[in-house]
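First up is the structure itself, then whatever we jot down about it.
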Amino acid sequence: MRTRIKEYRAKYDLTQEDLANRVGVRRETIVFLEKGKYNPSLKLAHDVAVALNAKIDDLFIFEDESEGIVEEQ
Amino acid sequence: MSISNKSKYTAIFVIGILMIVVAYAISLHNVDSRLVGVIISLGLYLAVLSILRFLRFGNSVETDERTMRVSAFATYYTFILAVVAMGTIYVMVYLNYLTITVMQLIYAVIFLLCIPYIVFYFYFNMKGDVR
């Protein structure tokens with residue numbers, strides 16, 4: 001997984017500390033999120049997306065995207 | 001009702017100091033000096049810990065989902081390790097390869113529960129996640 005949190009953070013001129021305070025987590029958690037080393041819960045992903053005025057899909061990118069296994073009828 | 005870090009650590013610091021004062025007061029009344037020593041040590045530990053944690057965290061968040069997850073897994077691995085170690089000690093004592101006193105066993109248990117937790121927590125925290 002990789003993230004675009006750093007890009008969006010720079011866009012809104014936020015430090016890691018600012019974003020951490022807005023979301024209610026430690027600064028280290030934001031660091032690990034940006035590096036893609038931590039898989040957040042859905043709630044945390046949502047809170048980060050809201051804080052950065054973005055969608056979860058825009059922020060968190062899973063690189064082994066495969067086609068859906070459920071076929072449309 | 002949320003309490004600010006400053007209020008929380010101030011309260012812990014005051015409790016620590018009070019414990020030291022109470023220990024000094026009871027030491028004047030012919031009480032076992034070991035008890036006085038234990039109370040003073042605990043009070044000092046609380047006072048110093050509150051100062052250090054406030055200096056480290058200030059008013060920012062102390063725990064979040066990541067640190068709680070790391071703590072939970074560190075506790076889990078520590079428990080597994082302690083059970084294996086205690087089982088090994090039991091077998092060694094049963095086979096008379098080892099003779100230990102109850103106090104030595106208690107020290108071993110405290111060591112097995114504290115040190116591995118700190119190591120596992122540090123390792124998972126540095127790694128970022130538990131997987």
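Per chain, numbering begins at 1; letters A, B, ... match sequence-line order.
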Look at the side-chain heavy atoms of Ile, Leu, Val, Met, Phe, Trp and Tyr, link any pair under 4.5 Å apart, and say whether A/V25 and B/F124 land in one connected group. no
When you look at OH of A/Y12, are more than 12 heavy atoms from neighbouring residues, nucleotides or ligands closer to it than 6.0 Å? yes
Counting C-beta onward and ignoring hydrogens, is there a side-chain heavy-atom pair between B/D64 and A/T29 closer than 4.5 Å? yes
Side chain of B/E65, backbone of A/P40: donor and acceptor closer than 3.5 Å? no
For atom CZ of B/F122, is the number of surrounding heavy atoms from other residues, nucleotides or ligands below 6.0 Å larger than 12? no
Report yes or no: do B/I100 and B/V109 belong to one cluster of Ile/Leu/Val/Met/Phe/Trp/Tyr joined by side chain heavy-atom distances under 4.5 Å? yes
Using a cut-off of under 4.5 Å on heavy-atom pairs, state which of A/V31, A/N39, A/N21 scores highest against chain B. A/N39
Among pairs that include at least one residue of residues 19-46 of chain B, which meet salt bridge (Lys or Arg N to Asp or Glu O under 4.0 Å), considering only residues two or more places apart or in two chains? B/D32-B/R34
Is there a path from B/L98 to B/L105 through hydrophobic residues (I, L, V, M, F, W, Y) whose side chains come within less than 4.5 Å of each other? yes
When hydrophobic residues are tied together by side-chain contacts of less than 4.5 Å, even through go-betweens, does B/V21 share a cluster with B/I26? no
Best-contacting candidate, A/K37, A/K35, A/E17, against chain B by heavy atom pairs under 4.5 angstrom: A/K37
Candidate pair B/K127 and A/Y38, rule side-chain contact (heavy atoms from CB on, under 4.5 Å), full reasoning: CA-CA 9 Å; B/K127 207 174 145 197; A/Y38 175 63; over 6 Å; no
Check whether A/L42 and A/I30 end up in the same hydrophobic cluster, where Ile, Leu, Val, Met, Phe, Trp and Tyr are linked by side-chain heavy atoms less than 4.5 Å apart. yes
Does NZ in A/K6 sit with more than 12 non-hydrogen atoms of other residues, nucleotides or ligands closer than 6.0 Å? no
Would you say A/R26's side chain and B/E62's backbone share a donor-acceptor pair under 3.5 angstrom? yes
Interface residues of residues 66-84 of chain B facing chain A - heavy atom cut-off under 4.5 Å: B/R66, B/T67, B/R69
